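Let me begin by presenting the structure, written as structure tokens, before commenting on it.
Every value quoted in this text rests on a predicted model; they were computed, and no experiment measured them.
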Amino acid sequence: MSDRRRAILEGAARVIARRGVRGLRVTDLAAEAGVSTALIYYHFKDRTGILRHALAFIGDRADRYTGAADEVGAAPPAGDPRGLLERILLLEFQDLPEVRENSTAWGELRAHTIFDPELREELTAAGAAWVDEVAGLLASACPGAPGDAVGAAAERLTALLEGLSSRWLSGLLPVGHARDLMRGAIGVEIGRLGSLTT
């Protein structure tokens with residue numbers, strides 16, 4: 001990705017996080033990214049193109065920071081699916097500007113699709129990929145658990161994470177408590193799946 005294209009997408013994430021999707025104006029984005037509006041239109045064609053690419057950028061950035069070493073600790077060994085699951089979910093709660101911005105922008109994009117379906121397909125695909133990733137780790141942690149139960153557990157964990165994230169970002173929940181609640185939910189889901197193992 002070119003430096004200017006990255007600057008535009010980083011600027012879009014910042015503007016969406018601060019002002020919401022409805023507050024994203026191309027002229028404001030150009031000022032935020034330090035580029036011309038013509039360059040934005042050259043790369044993204046229109047406002048919907050900006051939003052679609054910003055959504056993909058936010059997802060890629062989350063993949064990057066949930067795979068990095070940080071305050072949660074070193075990455076667990078590859079053969080530890082529960083540890084990997086805890087890691088990718090807990091890394092969504094980092095008191096870092098990039099993580100806060102990313103989580104806020106994701107929430108704004110998700111809320112936007114309630115009233116305007118232009119991004120619904122892309123958001124649905126991104127959410128489904130995330131649920132599938134969580135389900136894959138749950139299935140590895142609880143081999144023999146029924147697939148539908150694994151899928152439902154993954155849905156509950158990702159939905160809980162989004163809810164906890166909203167509370168954390170709005171200052172209603174300290175980051176440590178959000179992580180503790182998430183760890184507890186992972187334990188409950190793995191325990192439930194373990195009891196269903198055939």
Side-chain angles (χ1 to χ4, degrees), residues 1 3 6-21 23-24 32-33 51 53-112 119 122-123 125-138 140-141 153-190:
M1 179 184 307
D3 289 344
R6 176 175 295 283
I8 294 167
L9 292 171
E10 287 172 348
R14 280 191 302 276
V15 171
I16 292 168
R18 280 197 312 260
R19 299 184 192 157
V21 173
L24 178 66
E32 182 75 31
L51 292 173
H53 284 89
L55 176 63
F57 175 78
I58 289 165
D60 290 345
R61 193 160 66 168
D63 288 344
R64 190 178 68 249
Y65 66 67
T66 58
D70 82 326
E71 61 194 74
V72 174
D80 178 10
R82 181 180 179 152
L84 289 171
L85 176 63
E86 285 186 0
R87 181 172 177 73
I88 66 165
L89 295 180
L90 295 178
L91 285 176
E92 292 287 347
F93 302 105
Q94 297 182 69
D95 219 355
L96 300 172
E98 180 182 64
V99 176
R100 294 179 75 81
E101 177 184 283
N102 223 51
S103 295
T104 303
W106 173 266
E108 291 292 333
L109 287 162
R110 189 180 67 242
H112 175 72
L119 293 178
E122 288 87 352
L123 196 69
W130 188 32
V131 169
D132 287 346
E133 179 183 5
V134 170
L137 290 168
L138 285 168
S140 294
E155 288 275 359
R156 284 189 296 271
L157 287 174
T158 56
L160 175 64
L161 190 141
E162 287 181 343
L164 290 174
S165 181
S166 292
R167 288 183 179 196
W168 161 60
L169 290 167
S170 55
L172 300 174
L173 197 63
V175 69
H177 189 54
R179 285 181 181 156
D180 289 343
L181 292 171
M182 197 72 234
R183 273 190 199 97
I186 292 166
V188 167
E189 293 296 350
I190 286 179

- How close do Trp106 and Gly127 get, heavy atom to heavy atom, and via which atoms? CH2-N, 4.3 Å

- Query: Nearest heavy-atom pair of Ala54 and Ile16: which atoms, and what distance?
  - Reply: CB-CD1, 4.2 Å

- Approximate separation, where rounding is to 0.5 Å, of Glu133 CD and Leu85 CG: 9.0 Å

- Say you draw a straight line from CG of Asn102 to CD of Glu10; how long is it, rounded to the nearest 0.5 Å? 10.5 Å

- Which atom names give the shortest non-hydrogen contact between Leu90 and Arg179, and what distance separates them? CD2-O, 3.5 Å

- Evaluate the criterion side-chain contact (heavy atoms from CB on, under 4.5 Å) for residue pair Glu122 and Leu109; output intermediate values, then yes/no. CA-CA 10 Å; Glu122 288 87 352; Leu109 287 162; over 6 Å; no

- Query: Thinking salt bridges, do Arg64 and Glu98 make one under a 4.0 Å N-O criterion?
  - Reply: yes

- In chain order, what residues pass the ring pair (Phe, Tyr, Trp, His ring centres under 6.0 Å) check against His112, with sequence neighbours excluded? none

- Hey, what do you get for CD1 (Ile186) to CG (Leu137), rounding to the nearest 0.5 Å? 10.0 Å

- Message: Salt bridge or not between Arg183 and Asp180? Use side-chain N to carboxylate O under 4.0 Å.
- Response: yes

- Residues Ala153 and Leu138: closest non-hydrogen pair is CB-CD1, 3.8 Å

- Do side-chain atoms of Ser170 reach the backbone of Ser166 as a donor and acceptor pair under 3.5 angstrom? yes

- Note on the structure: Closest heavy-atom pair, Ala141 versus Ile190, reported as atoms and distance to 0.1 Å, is CB-CD1, 4.3 Å

- Task: May I ask you to test the Ile58-Leu9 pair for a side-chain heavy-atom distance under 4.5 Å?
- Result: no

- The salt bridge (charged side-chain N to carboxylate O under 4.0 Å, His left out) partners of Glu32 (sequence neighbours excluded) come to Arg14, Arg18

- Spell out, as yes or no, whether a donor-acceptor pair under 3.5 Å connects the side chain of Glu92 to the backbone of Leu89. no

- Can any side-chain N or O of Ser103 pair as donor or acceptor with the backbone N or O of Arg100 at less than 3.5 Å? no

- Note on the structure: Tested for side-chain contact (heavy atoms from CB on, under 4.5 Å) against Phe93, the lone hit among Leu161, Leu173, Leu169, Leu181 is Leu161

- Query: Is any side-chain heavy atom of Trp168 closer than 4.5 Å to a side-chain heavy atom of His177?
  - Reply: no

- Query: Hey, are Glu101 and Arg61 close enough for a salt bridge, meaning a charged N less than 4.0 Å from a carboxylate O?
  - Reply: yes

- Item | Contact summary for Glu162 and Trp130, nearest pair of heavy atoms | OE2-CZ3, 3.7 Å

- Going through the distances and angles, do Val21 and Leu24 end up as a side-chain contact (heavy atoms from CB on, under 4.5 Å)? CA-CA 5 Å; Val21 173; Leu24 178 66; 5.5 Å; no

- Item | Student check: side-chain heavy atoms of Arg110 and Leu123 closer than 4.5 Å | yes

